[in-house]
Amino acid sequence: MLGEKELSELSTEELKEYTLKLTRYAQMLEKTAYTDPLTGLRNRQALEYDLKEFKKKERTSKDKEKTHAFLVVDVDNFKGMNDNYGHSTGDHILRRLAGALEKNTRVSRGQDRVYEGRSYRWGGDEFAVLLVDVNPEDVPYIAKRIVNGIKSQAEKSVKALERLWRMKGYEPSDTERNLLNDIRNVSVSIGIAVFEEQYKDVFRWADEALYKVKQNGKNGYHIA
């Protein structure tokens, strides 16, 4: 960064250019701070920031009766992926799941209700979704869409790889066949907290709801 003396020697045009560079650099730093490098989703820090920001806006809004939903999305049995096939394979699967998650949180429920869910990487094999100003009746629909969308993405990935092997006349190893079976069995469990003004306990509520899904066989959702 330039010092006071150096800044004073800049022309008007040079000062404008320098200010623009600083602005771009600040934007780059902010994006890096709030983005998960593996999946490209927002990270946990971004989630906490977003929660605080929209609550600030809500306090100044005339309509304070809005409902929101926080979803913890846990990938079932993912630890075996890293243990059996390596972290590079696990990372690839996480990136594909992140794309499927984003796709399935963009939901239209008639002409007057269009939701753009904000997706985050919560950490490890857990993701999160924030639904702002959502109709509570639509939350189960969105949760089912995510659960089914992840299963559909897993099945598409398996079929694509099997088709490629056939085209190339490739005979997969036992390990590769086992990987396909494990990918086919990928699913998610979702714990959901629906809330209005008080949001400090939503993380705990969603975790408790997630635990109930895990107890009931995974591959589903539960609303706290």
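All values reported here derive from a predicted model rather than from experimental measurement.
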Starting from [Y], can I reach [X] by hopping between I/L/V/M/F/W/Y residues whose side chains sit under 4.5 Å apart?
{"X": "Trp205", "Y": "Leu47", "answer": "yes"}
{"X": "Tyr170", "Y": "Leu161", "answer": "yes"}
{"X": "Val73", "Y": "Leu130", "answer": "no"}
{"X": "Leu131", "Y": "Tyr49", "answer": "no"}
{"X": "Val188", "Y": "Leu38", "answer": "yes"}

Look up atom [atom1] in [X] and atom [atom2] in [Y], then write down how far apart they are to the nearest 0.5 Å.
{"X": "Phe195", "Y": "Asp201", "atom1": "CZ", "atom2": "CG", "answer": "11.0 Å"}
{"X": "Glu48", "Y": "Asn43", "atom1": "CD", "atom2": "CG", "answer": "9.0 Å"}
{"X": "Ile183", "Y": "Asn178", "atom1": "CD1", "atom2": "CG", "answer": "11.0 Å"}
{"X": "Thr175", "Y": "Leu180", "atom1": "OG1", "atom2": "CG", "answer": "11.5 Å"}
{"X": "Ile93", "Y": "Leu179", "atom1": "CD1", "atom2": "CG", "answer": "6.0 Å"}
{"X": "Gln45", "Y": "Tyr34", "atom1": "CD", "atom2": "OH", "answer": "5.0 Å"}

Any side-chain heavy atom of [X] within less than 4.5 Å of one from [Y]?
{"X": "Leu71", "Y": "Tyr221", "result": "no"}
{"X": "Leu101", "Y": "Ile146", "result": "yes"}
{"X": "Ile192", "Y": "Val139", "result": "yes"}
{"X": "Lys218", "Y": "Asn77", "result": "yes"}

Looking at every non-hydrogen atom in both residues, tell me the closest pair between [X] and [Y] and how far apart they are.
{"X": "Ala69", "Y": "Val134", "result": "N-CG1, 4.0 Å"}
{"X": "Ser187", "Y": "Lys151", "result": "CB-CD, 3.8 Å"}
{"X": "Ser157", "Y": "Arg96", "result": "OG-NH2, 4.0 Å"}
{"X": "Val194", "Y": "Ile223", "result": "CG2-CG2, 3.9 Å"}
{"X": "Val72", "Y": "Ala206", "result": "CG2-CB, 3.7 Å"}
{"X": "Leu210", "Y": "Ile190", "result": "CD1-N, 4.0 Å"}

Check your understanding: With sequence neighbours left out, what residues match Arg184 under salt bridge (charged side-chain N to carboxylate O under 4.0 Å, His left out)?
Key ->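 Arg184 satisfies salt bridge (charged side-chain N to carboxylate O under 4.0 Å, His left out) with Glu155, Glu162 once adjacent residues are dropped.
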
Practice item. List the steps and the verdict of side-chain contact (heavy atoms from CB on, under 4.5 Å) for His92 and Ser88. Key: CA-CA 6 Å; His92 174 74; Ser88 60; over 6 Å; no

**Study point:** ring pair (Phe, Tyr, Trp, His ring centres under 6.0 Å): pairs with one or both residues in residues 115-164, sequence neighbours excluded
**Key:**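 Every pair satisfying ring pair (Phe, Tyr, Trp, His ring centres under 6.0 Å) with a residue in residues 115-164: Phe70-Trp122, Trp122-Phe203.
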
**Study point:** Flag, side chain of Arg166 to backbone of Gly169, donor-acceptor distance under 3.5 Å
**Key:**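 Judged by distance alone, no pair lies under 3.5 Å.
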
Practice item. For the pair Lys214 and Asp76, evaluate side-chain contact (heavy atoms from CB on, under 4.5 Å) and give the outcome as yes or no after the intermediate values. Key: CA-CA 9 Å; Lys214 295 288 189 179; Asp76 299 324; 2.8 Å; yes

Does [X], at its [atom1] atom, have more than 12 non-hydrogen atoms belonging to other residues, nucleotides or ligands within less than 6.0 Å?
{"X": "Asp83", "atom1": "CG", "result": "yes"}
{"X": "Glu137", "atom1": "CD", "result": "no"}
{"X": "Lys212", "atom1": "NZ", "result": "no"}

**Study point:** Test log, rule side chain to side chain donor-acceptor pair (under 3.5 Å), inputs Ser189 and Asp74
**Key:** CA-CA 5 Å; Ser189 298; Asp74 184 78; 5.6 Å; no

Practice item. Show your working on salt bridge (charged side-chain N to carboxylate O under 4.0 Å, His left out) between Asp125 and Lys79 and close with a plain yes or no. Key: CA-CA 8 Å; Asp125 58 356; Lys79 185 177 182 298; over 6 Å; no

**Study point:** Working for side-chain contact (heavy atoms from CB on, under 4.5 Å), residues Val186 and Met81
**Key:** CA-CA 10 Å; Val186 163; Met81 290 289 187; 3.7 Å; yes

Review point. Does the pair Asn216 and His222 meet the rule for a side-chain contact (heavy atoms from CB on, under 4.5 Å), with working shown?
Key: CA-CA 10 Å; Asn216 292 325; His222 182 80; 5.8 Å; no

